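Keep in mind that this is a model prediction, so the values were computed, not measured. Residue numbering restarts at 1 for every chain, and letters A, B, ... go by the order of the sequence lines.
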Amino acid sequence: MSVFGDVSGILADLNEPQRRAVLHRDGPLLVLAGPGSGKTRVITRRAAHLVYTGVPARNILAITFTNKAADEMRRRIEALGVGRGMWVHTFHALGVRLLREFGPLARVQPGFTIYDENDSLRVIKQAMELAGVPETVLRPDRAAAEISRAKNRLETPAELAARADRFDEQAAARVYAAYEELLQQRNAVDFDDLLMRVALVLQEHPDIVERLNLRFRYLLIDEYQDTNHAQYLIAHHLSAHHRNICATGDPDQSIYGWRGADLNNILDFEKDYPDAVVVRLEQNYRSTGAILQAASRLIAANRRRKHKDLWTTGPVGEPVRLWRFDEGRAEAERIGATIAEWHARGRPYSDFAIFYRVNALSRGLEEALRARGIPYQIARGVEFYNRKEIKDTLAYLRVIVNPADELALRRILNTPPRGIGPKTIQRLLEVAGRTERPLLEILRRIREFPELQPATGKIESFLNLLDRIKAAAAGSITRAVGAVLELSGLEAALEEEREEGGEDRLANVQELVTAARRYEEEAEEPTLEEFLQRVALVSDQDAVDETAGAVMLMTLHAAKGLEFPVVFLVGLEQGLLPHENALREGLDIEEERRLCFVGLTRAREHLFVSYARERLVRGVRLPRAPSQFLGELGGDAVISEDFCEPWRPPARRWRESAEHPAPDQDGFVPLDDQLSEDERGMRLRRRRRTCESADEEDLNIIDAAREGLSETSPYADWRAGTLVQHEQYGIGQVVWIRPGGGQTRASIRFARYGEKTFILELSPIRKLERS
DNA sequence: TGGAGCGTAATTTTT
DNA sequence: TTACGCTCCA
């Protein structure tokens, strides 16, 4: 049965710490797994080992963050000849399953809808209207973030209100209350609810905790560093009795703090479980010695971490290359040229990946690649299930499954156009509000309301349409999807669009039919309800296909968990990485460093990091300063190459001196960004007086970004309290001012317009001079 | 009902 | 630069 034949086979190709993690049986276990240290292997082997030694597979629960990770883990465990019956889920999918079990305890009815972020934002806008909070007071996305934060901490609207001391927090609490009301009316939950409600049920029902502890006797949690408070509590409760919790993760790869992930969950694991066994996986099987050294040096600058010594028995390999350019375009073109060259020498395109901090940087790279005919794939946002035509189609099914889902109902009422315009919808909503009945019920009873008379015919044929789809849905899910497309007129509308030379969105909805068919074939007991709930949890992240034969472009966040033979990490500039918002808020610069660390450690053989001295930011050419991180990853594992044009005055070639060694025979020179903190400080002080060479300027900018405003900044003499004049808003007073990556941000309070934040370089603001 | 025109704002986004 | 949301007009 087993592919190994006997238990010892499971352990044969593991190193010592890996083996310890696999063999550990009962009690809490923390596996601190550095990048490329074979973490997934450990988890899957551990699961297999438990089964081999007598634990029924159904008693094991493995939790991941992404569907992709869950699928991968399931696949690998099954390949070991075990795994049938094992629970391998994302936190959210587990949430759905438990919510279905808990039902009313979690305030949900059968058929409940899961609102994704877009849906949720729409409902929040409606809630803001109900709560009387105008968008000028609180932006809907801010409200959404605030509510999400509260939910992650299990705070109710009342609790948020009690804690709120700022005006916008108060407003957010009121929106939160209205939002919850709407969700309840619509029998809907958002992503955060899938965690919060489960956590609350567990907190309030010890009997359920006990039952689940009996069902799941061993818990495996991956990427533990990314858990938020709700997830932490769920994990804690689910292992409260047996305490067989195995958490794997790496504090150095925690990059979702801004989404509520709490690094303390993993840092304090040993406090939560004083008897925890801790295993460190420090041997790296992925990267060359040079890459590892650079990454290790960088991350060593962080304080909030668990120390690990990453090492490899593999070759040191090529040094990491640090490229400097005059302009972002040159950076993109150099990368394009390198890929073309290497590809001509036999490397497949799929060996290459380009990472950036913000999506906006992808454009220049795309252009450069396209110009050379290099195939590339962007691991982002053409999110299948977020496409309008897909959401339209699914909305019909949502209404069938959950008649209370007003959001979906409103979406389809006039999609495709059938003469039920905003006016009619407005009236319908008024009646629904007045009578406090669900919208669908109003439609059904349309004849009772004289003011809705003009729309009666159209509404009734719409209801008739719904009924026919519902009849089809009783057959099969595939048929239900087909019925929606045919009967609603969506298909015809898309067909027409295609014939007129538009996008082939028809192909997308046909893909949905395929997805439905696949689901029906795979699921044990397929239901439309489950199909919709499953679809709601699919993300674009799942679509990342590393083997597509193309160069991969992605953000650093999307890169986590992946690896590539050749990696380019672009835009290592102050304000980009670290991002200006992290600098400005004085927030988590350490998270930015971890992000950089994640990027570096994706590379197997070759790693290029680059920055430009000027870049087009939102159409404006701005000077850029090299990232402070460049100074931290130095050492002999890194060599610098300067692609700046020699005749450009600010970008002179490196001068030859004791401090600036001549280029070696390969044309590389070390950049003195590689100096230690102390050395740099001293050197800066020594050299500031004679600012002569390009790198000095760069260093000065870094320095300025760290210490405050550059002396040469036109805003050097602006302070909090400085009076300024804005072209539009008139006279105002500076509340705070902070530089960052060639941009100076300031918040200014105007008498009439309140406080606003500006990028001074881009705004029509000048200092008010005393006259 | 849809499109043009204008103003505004601008990380990251496992689910 | 670009994307979105809003208003106004045909």
- For A:Arg139, all residues meeting side-chain contact (heavy atoms from CB on, under 4.5 Å), sequence neighbours excluded: A:Asp141, A:Arg142
- Item | Euclidean distance, atom CG of residue A:Leu583 to atom P of B:dT12 [Å, nearest integer] | 16 Å
- Message: Output the rounded distance in Å from CG (A:Asn152) to C1' (B:dT13).
- Response: 13 Å
- Using a cut-off of 4.0 Å on non-hydrogen atoms, how would the nucleic acid contact of A:Glu117 be classed: base, sugar-phosphate, or nothing? base
- Between atom CG in A:Leu537 and atom P in B:dT13, what is the gap in whole Å? 19 Å
- Can a salt bridge be assigned to the pair A:Glu117 and A:Arg259 using a cut-off of 4.0 Å between side-chain N and carboxylate O? yes
- Quick one: A:Arg357 CZ to B:dA10 C1', roughly how many Å, whole number? 14 Å
Each nucleotide N or O in nucleotides 1-3 of chain C that has a protein N or O under 3.5 Å away: list the pair and distance.
residue : atom : partner  : partner atom : Å
C:dT1   : O3'  : A:Arg363 : NH1          : 3.0
C:dT2   : OP1  : A:Arg363 : NH1          : 2.7
C:dT2   : OP1  : A:Arg363 : NH2          : 3.2

- Task: For A:Arg534, answer base if it contacts any base atom (sugar-phosphate contacts may also be present), sugar-phosphate if it contacts only those atoms, and nothing otherwise; contact means non-hydrogen atoms under 4.0 Å.
- Result: nothing
- Query: Do any side-chain nitrogens or oxygens of A:Thr555 fall under 4.0 Å of OP1 or OP2 in B:dT11?
  - Reply: no
- Start at the 5' end of DNA chain B and walk down; is the nucleotide closest to A:Gly419 or to A:Leu194 reached first? A:Gly419
- Message: If you only use heavy atoms from C-beta on, which nucleotide in B:dT12, C:dG5, B:dT14 is closest to the side chain of A:Lys125?
- Response: C:dG5
- Message: With a 4.0 Å cutoff (strictly under), does any side-chain N or O of A:Arg139 reach OP1 or OP2 of B:dA10?
- Response: yes
- Between CG of A:Asp116 and C1' of B:dT14 the distance, given in whole Å, is 15 Å
- Rounded distance in Å - CZ (A:Arg594) to C1' (B:dT11): 16 Å
- C1'-based separation of B:dT14 from C:dA3 [nearest Å]: 25 Å
- Message: Between A:Asp119 and A:Arg122 (salt bridge meaning N to carboxylate O under 4.0 Å), is one present in this structure?
- Response: no
- Take the protein atom CD of A:Glu591 and the nucleotide atom C1' of B:dT12, then report the distance between them rounded to whole Å. 9 Å
- Message: Assuming nearest nucleotide by heavy-atom distance, tell me which of A:Arg418 and A:Asp226 is located more 5' along DNA chain B.
- Response: A:Arg418
- Query: Below 4.0 angstrom, N of the basic side chain to O of the carboxylate: do A:Arg357 and A:Glu592 qualify?
  - Reply: yes
- Indicate, with a heavy-atom threshold strictly under 4.0 Å, whether A:Gly421 touches base, sugar-phosphate, or nothing. sugar-phosphate
- ring centroid sep under 5.5 Å plus plane angle under 30, A:Trp258 with B:dT12: yes
- Message: For B:dT11, is there a stacking contact with A:His579, counting only centres under 5.5 Å and planes under 30°?
- Response: yes
- Hey, is the main chain of A:Tyr224 close enough, under 3.5 Å, to the side chain of A:Thr227 for a donor-acceptor pair? yes
- Task: Give the C-alpha distance, both sets of side-chain angles, the deciding distance and a yes or no for ring pair (Phe, Tyr, Trp, His ring centres under 6.0 Å) between A:His579 and A:Trp258.
- Result: CA-CA 13 Å; A:His579 194 273; A:Trp258 52 278; over 10 Å; no
- side chain to side chain donor-acceptor pair (under 3.5 Å) with A:Arg427: which residues, sequence neighbours excluded? none
- Query: Does the side chain of A:Asn359 get closer than 4.0 angstrom to OP1 or OP2 of B:dT12 through an N or O atom?
  - Reply: yes
- Round to a whole Å and report the spacing from CG of A:Leu94 to C1' of B:dT14. 15 Å
- Are any non-hydrogen side-chain atoms of A:Pro251 and A:Arg304 less than 4.5 angstrom apart? no
- Task: Ignoring backbone atoms, test whether A:Asn414 places a side-chain nitrogen or oxygen under 4.0 Å from the OP1 or OP2 oxygen of B:dT1.
- Result: yes
